[in-house]
Amino acid sequence: MEPVLIAVAFVCGMLVNLIGLPPLLGFLAAGFLLNGMGYENTPALAELADLGVTLLLFTIGLKLDVRTLLRRDVWGTASLHMLLSTLLFTLVLLVCKGLGMTLAMSLGWQLAVLLGFALSFSSTVFAVKVLEERSDMNALYARLAIGVLVMQDIFAVAFLAISSGKLPSIWALWILGLPLLRPLLCRLLERAGHGELQVLFGVFLALVVGAAGFEVVGLKPDLGALIIGMMLASHPAAAGLAKALFTLKDLFLICFFLTIGLNGLPTQDAMWIALALVLALPFKSALYYLVYSGAHLRVRTVLLSTLALSNFSEFGLIVAAIAAKAGWLSHEWLVALSLALAASFMISAPLNGQSERIYHRFGNWLRGLQARELHPEDRPIELGDAKVIILGMGRIGQGAYFELEHKYGPVILGVENDHGKLPGLRERNMNVIEGDATDTDFWDKVLISNQIDLVLLAMPHHSGNLYAIEKLRSHGFTGKIAAIVRFEDDIDSLREQGVDAVFNVYDEAGSGFARHVIRGMEGRDALGKTGTIV
């Protein structure tokens with residue numbers, strides 16, 4: 001890659017970041033700027049962009065519960081929205097033709113439907129980036145949005161298979177044997193440990209086992225990476241693998257955003273078409289809102305899911321490229337869709353950045369349209385008879401739970417954001433509920449009563465504990481708050497927030513270890529040096 005491409009991408013990304021917008025908008029702008037400077041998309045850059053998208057889908061798979069796709073509020077929403085949105089954009093394109101727009105004059109209704117189908121998709125790359133930056137991947141609205149995007153990817157695979165004019169190889173049946181491969185892959189994942197070997201194994205799974213394995217039998221490579229990731233999603237090491245690939249994936253995705261702008265310089269005709277498509281984007285968003293509302297979800301869940309999906313997809317460019325290669329469309333259509341895609345990102349990014357403000361401003365008005373009986377996962381969170389709440393049920397949270405239960409009895413309630421941990425905790429007779437105290441959605445649903453005397457903040461990240469304190473105060477909580485810290489510098493910020501007790505994990509762990517050894521040594525001496533330190 002030429003140094004100029006890296007320099008322009010960095011400068012544009014930094015400038016956009018300084019004004020509070022996602023850097024990806026700067027990378028998009030860098031692509032168009034480089035195009036204006038005479039640079040063109042290259043095979044090497046396109047290859048890196050493809051690698052970024054493949055790794056992105058693999059990491060999505062690592063976080064996705066396959067049962068999500070079987071839910072009616074996922075496949076039903078995706079299917080109904082695709083149908084309605086395809087009709088919407090087909091109508092928009094035929095209206096453009098009726099208005100005499102030069103680029104649209106060659107469109108028949110078949111091509112209009114094809115482009116309408118492509119424009120009905122939302123961008124997986126954009127949505128996941130936004131959700132990751134907000135640390136909302138575990139929120140209900142994010143899981144629903146990701147589920148819809150995966151369903152759209154499945155529809156895309158079906159289209160690409162049909163458009164290629166050939167069926168997958170008979171050897172594609174090998175994917176039916178993938179579950180038999182899972183134990184081996186899980187064992188290798190455990191043996192890979194951490195560090196560079198873990199990263200390399202992740203790349204091997206995504207690009208070799210998934211992408212290459214599917215491509216060689218005539219299936220979509222990205223689908224292969226997604227499915228391999230989904231196979232390993234329930235493994236305890238899956239989250240660590242996704243985290244290890246985070247930086248590498250983001251680096252390759254910069255190339256993806258650059259390639260959008262490098263596809264070609266816009267003409268006046270392309271700009272008019274792009275403008276018409278962007279003006280129709282709010283109607284696409286309204287359709288998302290309507291179909292999500294039909295699933296009996298809360299206003300906040302519906303609104304935030306809608307905003308995450310309010311954009312066009314890179315899949316539209318793929319469809320246009322296929323049609324242009326077949327001679328159905330001119331190359332100008334590829335440029336027009338690139339402009340519409342970039343504009344949708346530029347509109348959607350600040351909207352998602354201000355999504356909470358938008359919700360608080362219009363939420364009360366929209367709540368009048370909310371269903372009376374809500375989705376089971378979107379109902380208010382009731383804390384029952386609990387008097388002590390522990391936020392974060394890791395090792396520290398679990399230890400605190402048993403100690404407090406021994407002293408105060410069954411009035412303790414644990415809150416854990418990892419759905420996979422809940423069955424194990426409940427098997428140990430622990431009273432726990434699922435919830436993410438770092439997510440605004442949790443605090444929007446939780447019902448905190450005056451009976452709560454103590455809240456323990458046992459989450460691993462200091463910023464998450466600070467956020468929970470802020471939300472507790474905003475709910476009018478007046479009881480006692482205790483929190484853990486890992487660094488001495490964090491204690492002052494907790495004290496400033498009025499925390500009643502702070503537990504330094506590393507300091508107290510050292511003291512506890514010493515006390516444990518001393519007790520063991522004293523017991524050994526009392527037994528005539530025949531006892532055992534336990």
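Side-chain atoms are counted along with the backbone in the values below, which use heavy atoms only and exclude waters and symmetry mates.
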Next on the checklist: Assess the residue pair Leu114 and Leu111 against the criterion (side chain to side chain contact (heavy atoms under 4.5 Å, CB included)); give the C-alpha distance rounded to whole Å, side-chain angles, the decisive distance to 0.1 Å, and a yes or no.
Outcome noted: CA-CA 5 Å; Leu114 176 63; Leu111 282 179; 4.2 Å; yes
Next on the checklist: With rounding to the nearest 0.5 angstrom, report the CG to CG distance, Leu303 to Leu297.
Outcome noted: 12.0 Å
Checklist entry - Quick one: CG on Leu226 to CE on Met231, what's the gap to the nearest 0.5 Å? => result 12.0 Å
Item to check | Tyr292 vs Leu309 side-chain heavy atoms within contact, under 4.5 Å | outcome: yes
Checklist outcome for this item: CZ (Arg191) and SG (Cys186) are apart, to the nearest 0.5 Å, by 14.5 Å
Checklist entry - For Gln198 and Gly240, which heavy atoms make the closest approach, and how far apart are they? => result NE2-C, 3.7 Å
Checklist entry - Any side-chain heavy atom of Leu329 sitting closer than 4.5 Å to one from Leu107? => result yes
Checklist entry - Quick one: are Trp109 and Thr90 in side-chain contact, heavy atoms under 4.5 Å? => result no
Checklist entry - Do the side chain of Trp443 and the main chain of Ala468 share a donor and acceptor less than 3.5 angstrom apart? => result no
Next on the checklist: Less than 3.5 Å apart, any donor N or O on the side chain of Asn352 or Ser348 sitting next to an acceptor on the other?
Outcome noted: yes
Checklist entry - Can you tell if the side chain of Leu119 reaches within under 4.5 Å of the side chain of Leu337, non-hydrogen atoms only? => result yes
Checklist outcome for this item: Heavy-atom nearest pair, Ala343 first then Val278, reads CB-CG2, 3.7 Å
Checklist entry - If you round to the nearest 0.5 Å, how far is CD1 of Ile146 from CZ of Arg143? => result 11.5 Å
Item to check | Test side chain to side chain contact (heavy atoms under 4.5 Å, CB included) applied to Thr59 and Leu241, step by step | outcome: CA-CA 8 Å; Thr59 56; Leu241 178 59; over 6 Å; no
Checklist entry - Side chains of Leu304 and Glu356: closer than 4.5 Å at any heavy-atom pair? => result yes
Next on the checklist: To check you understand the geometry: which heavy-atom pair defines the closest contact between Phe58 and Ile228, and what is its length?
Outcome noted: CE1-CG2, 4.0 Å
Next on the checklist: Can you give me the closest heavy-atom contact between Met459 and Ile484, atom names plus distance?
Outcome noted: O-CD1, 3.6 Å
Item to check | Inter-residue atom distance Arg182.CZ - Leu189.CG, 0.5 Å rounding | outcome: 10.0 Å
Checklist outcome for this item: Leu149 and Ser122 have their tightest heavy-atom pair at CD2-O, 3.5 Å
Next on the checklist: Taking ring pair (Phe, Tyr, Trp, His ring centres under 6.0 Å) as the criterion, tell me which of Phe312, Phe283, Phe117, Phe121 meets it with Phe89.
Outcome noted: Phe312
Checklist outcome for this item: So SG of Cys12 and CG of Leu34: to nearest 0.5 Å the spacing works out to 7.5 Å
Checklist entry - Hey, are the side chains of Leu245 and Val203 touching, using non-hydrogen atoms and a 4.5 Å cut-off? => result yes
Item to check | Any donor-acceptor N/O pair, Glu416 side chain to Met393 backbone, under 3.5 Å | outcome: yes
Next on the checklist: Run Ser344 and Phe126 through side chain to side chain contact (heavy atoms under 4.5 Å, CB included) and show every step you take.
Outcome noted: CA-CA 10 Å; Ser344 74; Phe126 178 88; over 6 Å; no
Next on the checklist: Given 3.5 Å as the limit, does a donor-acceptor pair link the side chain of Arg300 with the main chain of Tyr359, or not?
Outcome noted: no
Checklist entry - At their closest point, which heavy atom of Leu391 faces which heavy atom of Ala437, and how far apart are they? => result CD1-CB, 4.0 Å
Checklist entry - Under 3.5 Å, is there a donor-acceptor pair between the side chain of Lys284 and the main chain of Ser310? => result no
Checklist entry - More than 12 foreign heavy atoms under 6.0 Å from CE of Met271: is that the case here? => result no
Checklist entry - So, does His235 use its side chain to make a donor-acceptor pair with the main chain of Leu62 at under 3.5 Å? => result no
Item to check | Worked verdict on Thr86 versus Met82 for side chain to side chain contact (heavy atoms under 4.5 Å, CB included) | outcome: CA-CA 6 Å; Thr86 297; Met82 179 163 291; 4.1 Å; yes
Item to check | Whether over 12 other heavy atoms sit under 6.0 Å from Phe10 CZ | outcome: no
Checklist entry - Hey, are Ser120 and Ser85 close enough side-chain-wise for a donor-acceptor pair under 3.5 Å? => result no
Checklist entry - Taking atom CD of Gln110 as the centre, does the number of heavy atoms from other residues, nucleotides or ligands within less than 6.0 Å exceed 12? => result yes
Item to check | Val130 side chain reached by Leu307 side chain, heavy atoms, under 4.5 Å | outcome: no
Checklist entry - Below 4.5 Å, heavy atoms only, C-beta onward: do Leu422 and Ile433 meet side chain to side chain? => result no
